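Worksheet for the structure shown next.
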There are 2 protein chains.
Amino acid sequence: MSLNKYRFAMDEIQKFREYIREKGLRNTPERELIIEEIFSNHDHFDAEGLFLRLRNKMKRVSKASVYRTIPLLIECGLIKEVYFEDGHLHYEHIYGHRHHCHLRCICCGSVVEFADDRIPRLQNQIGKKHDFLVTSHRFEILGYCSECAPGQGMQGTCRPSGRGHAGNQG
Amino acid sequence: MSLNKYRFAMDEIQKFREYIREKGLRNTPERELIIEEIFSNHDHFDAEGLFLRLRNKMKRVSKASVYRTIPLLIECGLIKEVYFEDGHLHYEHIYGHRHHCHLRCICCGSVVEFADDRIPRLQNQIGKKHDFLVTSHRFEILGYCSECAPGQGMQGTCRPSGRGHAGNQG
DNA sequence: ATATTTATTGAGACTCATTATCAATAATAC
DNA sequence: GTATTATTGATAATGAGTCTCAATAAATAT
């Protein structure tokens with residue numbers, strides 16, 4: 001882990017500690033290990049994978065604690081859900097990503113991140129119109145990546161989407 | 001079921017029959033019962049609820065058949081996934097809805113549909129930019145509805161989100 | 001009509017992600 | 001240091017969704 005990354009994780013741990021204190025909860029080494037692990041990597045992750053990464057590094061944290069910590073991190077805004085695929089949720093942490101959305105291949109599952117200034121504007125206008133206090137949005141565009149586009153021959157590599165079906169959207 | 005609604009469902013069943021034929025599959029009364037039930041109602045639905053609705057109307061269709069039919073209906077574009085909440089996916093059928101997105105209250109779970117002409121345009125521009133053949137999108141705005149907005153007193157009615165956590169998004 | 005082929009069905013077993021249980025432990029407040 | 005009580009880990013329980021398999025029934029050919 002680079003010095004930089006470590007410093008970033010420290011900032012996030014600090015934010016988490018404050019949140020915990022405000023809620024009258026308790027700070028624990030297990031929770032800090034989980035946050036450090038999340039912020040040591042910029043990829044999307046899921047609960048099981050996170051648990052295994054910790055275990056492989058000999059950080060003893062139970063699966064139950066991983067599952068219990070994720071909602072706390074969501075509540076304090078350090079991570080967010082990005083999509084439901086293969087029967088479970090996938091998350092990402094907020095550091096070092098400007099706010100962005102996802103373009104996802106419905107064939108091979110590959111994901112491209114994108115950002116567009118018009119999206120937050122749209123979000124706010126629509127929220128105002130319907131009298132919602134908007135906190136966030138999720139914009140996901142689905143289709144075929146260049147590798148998987150029909151008629152390009154690469155379709156054999158596409159895996160069927162697993163449990164929960166990540167299928168088409170109108 | 002009004003005459004009108006019945007006619008609509010027939011159109012959809014027709015579309016489904018063609019899809020089934022093209023794929024070399026077989027049409028069955030169970031599948032037709034499932035489609036009729038879906039199109040008899042304009043609300044969002046989930047697999048379990050659909051199964052129970054059928055059962056309450058004494059239409060004998062097994063849960064397995066419900067689960068097996070849903071992906072077929074997604075593939076042929078008659079229904080689509082709208083969100084993952086309370087540990088499972090929720091769907092809607094396409095009839096009588098122009099394409100729209102959802103504004104969802106992260107507190108009480110209420111959903112408002114909205115449509116905006118700028119969204120499909122955005123989708124296409126972004127798809128082109130990243131060399132994706134776009135088929136669809138899902139734009140979900142999260143926040144607090146007017147009933148649940150912080151500082152408005154109604155927060156006691158908010159239910160915690162269940163399994164899978166429908167929590168905040170950046 | 002009848003026979004043939006094979007997709008579909010239903011019941012229930014199974015998988016696997018997530019949550020609940022509970023006794024032991026350990027943060028925090030006093 | 002003691003009391004209070006949130007948290008932990010191990011594991012049981014839950015529940016959504018899938019698989020299995022023998023029986024059934026569409027579609028098609030005869």
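To find a chain, count down the sequence lines: A is the first, B the second, and so on, and within it residues start at 1. Side chains are part of it too, since the values below use all heavy atoms of this structure and drop only hydrogens, waters and symmetry mates. This is a predicted model, so every value here is computed, not measured.
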List for me each residue that meets salt bridge (charged side-chain N to carboxylate O under 4.0 Å, His left out) alongside [X], sequence neighbours excluded, and say none if there are none.
X	value
B:Glu18	none
B:Arg21	none
A:Arg17	A:Glu32
A:Lys15	none

Could I get the full list of side-chain hydrogen bond (donor to acceptor under 3.5 Å, both in side chains) partners for [X], not counting sequence neighbours?
X	value
B:Lys128	none
A:Arg118	A:Asp116, B:Gln125
A:Asp131	none
A:Asn124	none

By nearest atom, which of the nucleotides C:dG10, D:dG9, C:dA17 is closest to the A:Ser62 side chain?
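Per side-chain heavy atoms of A:Ser62, the pick is D:dG9.
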Under 4.0 Å from any atom of DNA chain C, heavy atoms only: list the residues of residues 45-56 of chain B that qualify, in numerical order.
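Close to the strand, none.
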Angle between terminal axes - the helix from C:dA1-D:dT30 to C:dC30-D:dG1, 5 pairs each end, rounded to 10°:
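About 40°, once rounded to a multiple of 10°.
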What ring pair (Phe, Tyr, Trp, His ring centres under 6.0 Å) pairs are there with at least one residue in residues 102-132 of chain B, not counting sequence neighbours?
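As it turns out, the ring pair (Phe, Tyr, Trp, His ring centres under 6.0 Å) pairs with a partner in residues 102-132 of chain B, which skip direct neighbours, are B:His44-B:His102, B:His100-B:His102.
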Report yes or no: is the cationic atom of A:Arg31 (NZ for Lys, CZ for Arg) closer than 6.0 Å to the six-membered ring centre of A:Phe16, at no more than 45° off its axis?
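No - A:Arg31 does not lie over the ring of A:Phe16 by the 6.0 Å and 45° rule.
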Within the 4.0 Å limit for protein heavy atoms, which parts of nucleotides 25-30 of chain C are touched? Write it as a string from 5' to 3', B for base, S for sugar-phosphate only, - for none.
-BBS--
